[in-house]
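When a residue number appears, it is its place in the shown sequence, counting from 1.
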Amino acid sequence: MYGLGEIDLVPARRTRSSKEVSTAWQIDAYQMDIPVMTHPTDAIVSPSSAIAFNNLGGLAVLNGEGLWARHADPDAAIAELREIALEDLTGVRAVTRLQELHKAPINEEFLAAAVQKIREEGGTVAVRVSPQRARELTPGLIKAGIDMLVVQGTIISAEHVSGEDEPLNLKEFIGSLDVPVIAGGVVDYKTALHLMRTGAAGVIVGYGGAEGVTTTGPVLGVEVHMATAIADAAAARRDYLDETGGRYVHVLADGDIYTSGDIARAVACGADAVVLGPLLAGALESPGRGVYWDSVSAHPNMPRGLVAETHEETTLATLTEVLEGPTSLPDGTRNLMGGLRRAMAKCGYSDVKGFQKVDLSVRS
């Protein structure tokens with residue numbers, strides 16, 4: 001079992017110019033210029049930041065159960081959270097306030113208005129819902145005009161079982177929709193294959209693990225070695241492709257990604273795209289402006305992440321610099337796509353699917 005930090009790319013004898021490399025990614029009918037999806041947190045995705053991210057070629061995902069769905073003035077709520085987080089470095093007070101803010105009921109009119117704002121700019125509109133509330137919220141989202149639905153929980157299965165409600169059968173649910181669905185997260189071959197068989201267009205591998213997210217040992221004891229998990233899901237994708245005679249399901253890596261080098265490693269392990277959270281928190285366009293929280297941080301009974309500063313305000317950069325550069329930072333946290341393109345070029349590959357075939361070495 002290996003994490004992304006335990007493997008390295010092995011360049012072949014052929015190299016090419018990074019100008020000849022394409023990072024284009026297409027899922028279903030939707031074409032993106034870069035293989036990046038945002039983590040669905042209010043810390044980095046608002047309607048305005050979603051538009052900016054989409055304009056740079058990625059796929060922004062609004063949290064359909066977040067503050068934009070619950071409050072008439074979510075900007076004020078986020079500003080308050082940010083102020084608390086900067087005053088209390090433990091992040092606990094801000095988590096308590098986030099939980100309080102999430103007690104407000106979901107208002108489908110607020111959510112539809114947020115969707116409409118993104119839609120008016122012509123970008124791909126993607127919204128995340130939890131397995132528990134997918135049936136409840138999806139009809140309104142479809143009516144509002146979403147292009148893609150993301151059904152995401154910490155760990156998800158083909159059938160979400162609840163003693164209180166009728167189980168969510170993802171195969172039946174996805175089959176009833178006219179929009180593509182990305183589902184996750186998963187951490188093993190078997191569950192990935194089961195999700196692919198539900199008709200999902202994409203499967204998320206991982207749970208968004210990053211600094212400040214406590215789903216691992218402290219809370220649930222769930223640990224994901226992302227390099228192995230991605231490779232297992234890629235193997236499931238290959239077997240499902242053979243099983244169906246050609247239906248390709250995309251694998252998205254969510255977690256253990258801290259630099260452009262980690263993005264390259266994730267793709268090399270078999271990911272078609274990556275899901276970014278904290279790396280985008282340092283963008284000026286992100287609502288949290290350097291303060292980040294995961295979507296599971298607001299859980300009413302068992303929050304699994306802090307609301308904490310990840311980037312000092314003096315270090316914030318434009319989203320363009322974060323994704324495409326140019327930058328003066330040499331640590332791999334800016335010009336993320338430039339780093340990916342250069343890695344692909346150094347290894348001799350011109351597109352993402354080809355780069356999935358690069359040789360890898362494991363650190364001893």
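To the nearest 0.5 Å, atom CG of residue Asn335 and atom CD of residue Glu321 are 8.5 Å apart. One distance of note links CD1 of Ile51 with CG of Leu56; it measures 12.5 Å at 0.5 Å rounding. The CD1 atom of Ile106 lies 5.0 Å from the CD atom of Glu65; values are rounded to the nearest 0.5 Å. If you take CZ on Arg363 and CD1 on Ile7, they are separated by 9.0 Å, rounding to the nearest 0.5 Å. Going from atom CZ of Arg334 over to atom CD of Glu324 covers 14.0 Å, rounded to the nearest 0.5 Å. In this structure, OG on Ser286 lies 11.5 Å from CG on Asp42, to the nearest 0.5 angstrom.
Placement of Val151 and Leu62 within a single hydrophobic cluster is found when ILVMFWY residues are connected by side-chain heavy-atom separations under 4.5 Å, directly or transitively.
In the displayed structure, Glu87 atom CD is contacted under 6.0 Å by more than 12 heavy atoms of other residues, nucleotides or ligands.
Of all the heavy atoms in Met226 and Val205, the pair that sits closest is CE-O, 3.4 Å. Contact between Gln99 and His299 at its shortest, heavy atoms only, is NE2-O, 2.9 Å. Considering all non-hydrogen atoms of both residues, Tyr258 and Thr333 come closest at O-CG2, 3.8 Å. Ala134 and Pro139 get closest at one heavy-atom pair: O-CD, 4.5 Å. Between Pro11 and Cys347, the shortest heavy-atom distance links the atoms CA-SG, 3.9 Å. The two atoms that bring Arg128 and Ser130 nearest to each other are NH2-CB, 3.7 Å, heavy atoms only.
Arg247 places a side-chain N or O within donor-acceptor distance of the main-chain N or O of Gly199, the cut-off being under 3.5 Å. Looking at Thr15, its side chain never comes within 3.5 Å of a backbone N or O of Gly348 through a donor-acceptor pair. With hydrogens and angles disregarded, no donor-acceptor distance shorter than 3.5 Å links the side chain of Tyr349 to the backbone of Gly354.
Side-chain contact, Tyr207 with Asp294: no donor N or O sits under 3.5 Å from an acceptor N or O. Judged by distance alone, the side chains of Asp254 and Gln152 do bring a donor and an acceptor atom under 3.5 Å apart. Side-chain atoms of Glu20 and Ser350 form no donor-acceptor pair, as typed in the model, at a separation below 3.5 Å. Defined by atom type and a distance below 3.5 Å, a donor-acceptor pair is present between the side-chain atoms of Asp188 and Thr191. Counting only N and O atoms by type, the side chains of Arg237 and Tyr248 include a donor and acceptor under 3.5 Å apart. No hydrogens or angles considered: nothing links the side chains of Thr320 and Thr318 as a donor-acceptor pair under 3.5 Å.
Contact check on Asp147 versus Arg119 returns a salt bridge, with a Lys/Arg side-chain nitrogen under 4.0 Å from an Asp/Glu carboxylate oxygen.
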- [ ] Take Ile204 and Val186 through the test side chain to side chain contact (heavy atoms under 4.5 Å, CB included) and record every step on the way to the result.
- [x] CA-CA 6 Å; Ile204 299 170; Val186 302; over 6 Å; no
